Amino acid sequence: MLSKLLRELIEGKEPDRAALVRLLTLERPDELAELYAAAYAVKTREVGRLVRLRGLIEISNICTQDCCYCGIRRSNERVTRYAMTKPEILAAARLALEFGYGSVVLQGGERSDPAFVDFIEELLHAIKTISGGRLGITLSLGEQSGETFRRWFAAGAHRYLLRIESSNPRLFAAIHPSGQSFENRLRCLDELRLAGYQVGTGVMCGLPGQTADDLAGDIEFFKTRDIDMLGMGPYIPHRDTPMGRDFDYRPARQLEAGLKLIAATRLALRDVNIAATTALQTLAPDGRERGLLAGANVIMPNLGEVGHRGDYLLYEGKPGLDENAESTRRALLASIESIGEGIEAGAWGDSPHFARRLKR
Ligand code: 5AD
């Protein structure tokens, strides 16, 4: 019985691989509703009903990597490339303070040249200075050397997001060019942890060739690696990429895959931070709210101005391209209120899992 399994998971039982596969393959609407309700119960008990906000600053779409699914991959010549300047980024960070977002995420295409590494280091010092240390800073800037991770940590970053994309090495290899290795991702995740960061990872779901067993393996990977935070979202095709061309794209199916993965992960990992990603909102206007109701507790509202938003398209159909930081914020607050949740204002918003991990 599904109800019995869900009750045991709510009470703290660890799901085994077969139980995870079962959750991830549910399809009946009444059973899905039960799954989401169970995950929501665990979420409210473990991390509360206050959404943690991170202001997202998409600092640049210049990328040296060539991921087969991503719209800003190096080989996509149709993209107009941009890089925000330091004053532009600092203005966005000030908005985050003004809006009470508590922390920012600097996300961008991957670069590891010395000029870029120095630029980020200076930027981190500057954000710390203008905020008097009040703004938390997460980086999402791809694979780097251990030395770079350590320098950026010393300069004030304390969380880092680096998705593994798939914990199945064969699937990872199928969606990346041969020069990009699974082993290097693992090395980066190890070095981030050693450098002292709260480490976030995640995967895409609904990928061609991906099975429920792969996703169950992903959840076990998060657990084994003692991950603090997660960003997971459905794959959405982009026509100017090798993978986007003849994908059988059904938005409702992708959305359901994303919600199931969030719910199963909440039931298995309990006290971590899980983001309701923009990919969910791309698939349905209320996708992020549904993510929160399926167990997510973090949202990353875009702090960017209209100008660059249309050039940061990892996939097609991304919403909010005609919004600015203020209208994004208003829409977000309304949607959070619509499901009876509130926001955690002004705090860094670390996961309870991180605090517990430090005490162990
Ligand atoms: N669909 C969904 N997610 C994508 N990402 C990149 N391209 C796509 C896409 N086409 C995700 C990857 C990456 C993160 C920044 O965005 O998981 O790690």
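The analysis underlying the following values was restricted to heavy atoms, covering all of them including side chains, and did not include hydrogens, waters or symmetry mates. Not measured: the values here are computed from a predicted model. Just so you know, ligand 1 is whichever comes first in the structure, and atom 1 is the first atom listed for that ligand.
A side-chain donor-acceptor contact under 3.5 Å links Gln210 to the backbone of Leu207. With hydrogens and angles ignored, the 3.5 Å screen pairs a side-chain donor or acceptor of Thr282 with a backbone N or O of Thr278. Between the side chain of Asn61 and the backbone N or O of Thr80 there is at least one donor-acceptor pair closer than 3.5 Å. In this structure a side-chain-to-backbone donor-acceptor pair under 3.5 Å is present from Asp66 to Ser75.
Between Gln107 and ligand 1, no N or O atom pair is found at a separation short of 3.5 Å. Considering backbone and side-chain N/O atoms, Pro237 never comes within less than 3.5 Å of an N/O atom of ligand 1. The distance criterion of under 3.5 Å between nitrogen or oxygen atoms is met by Tyr69 with respect to ligand 1. Where the criterion is an N or O separation shorter than 3.5 Å, residue side chain and backbone included, Glu165 meets it with respect to ligand 1.
Atom 10 (N) of ligand 1 has its nearest heavy-atom neighbour, among Leu161, Leu313, Ile236, Ile175, in Ile236. Of the listed residues (Met243, Met204, Glu110), the one carrying the non-hydrogen atom nearest atom 5 (N) of ligand 1 is Met204.
Heavy-atom separations between Pro234 and ligand 1 include at least one value shorter than 4.0 Å.
The two residues Asn273 and Asp350 come nearest to each other via the heavy atoms ND2-C, 3.6 Å.
The distance from ligand 1 to the heavy atoms of Arg163 drops below 4.0 Å at these ligand atoms: 11 (C), 12 (C), 17 (O), 18 (O). Residue contact check: Cys70 has heavy atoms under 4.0 Å from atoms 7 (N) of ligand 1.
Side-chain contact of Asn297 with Arg266: a donor-acceptor pair under 3.5 Å is present, judged by distance alone.
From the protein, the heavy atom lying nearest to atom 15 (C) of ligand 1 is Leu314 CD1, 3.8 Å.
Cation-pi check for Arg329 over Phe99 is met; the charged atom lies under 6.0 angstrom from the ring centroid and within 45 degrees of its normal.
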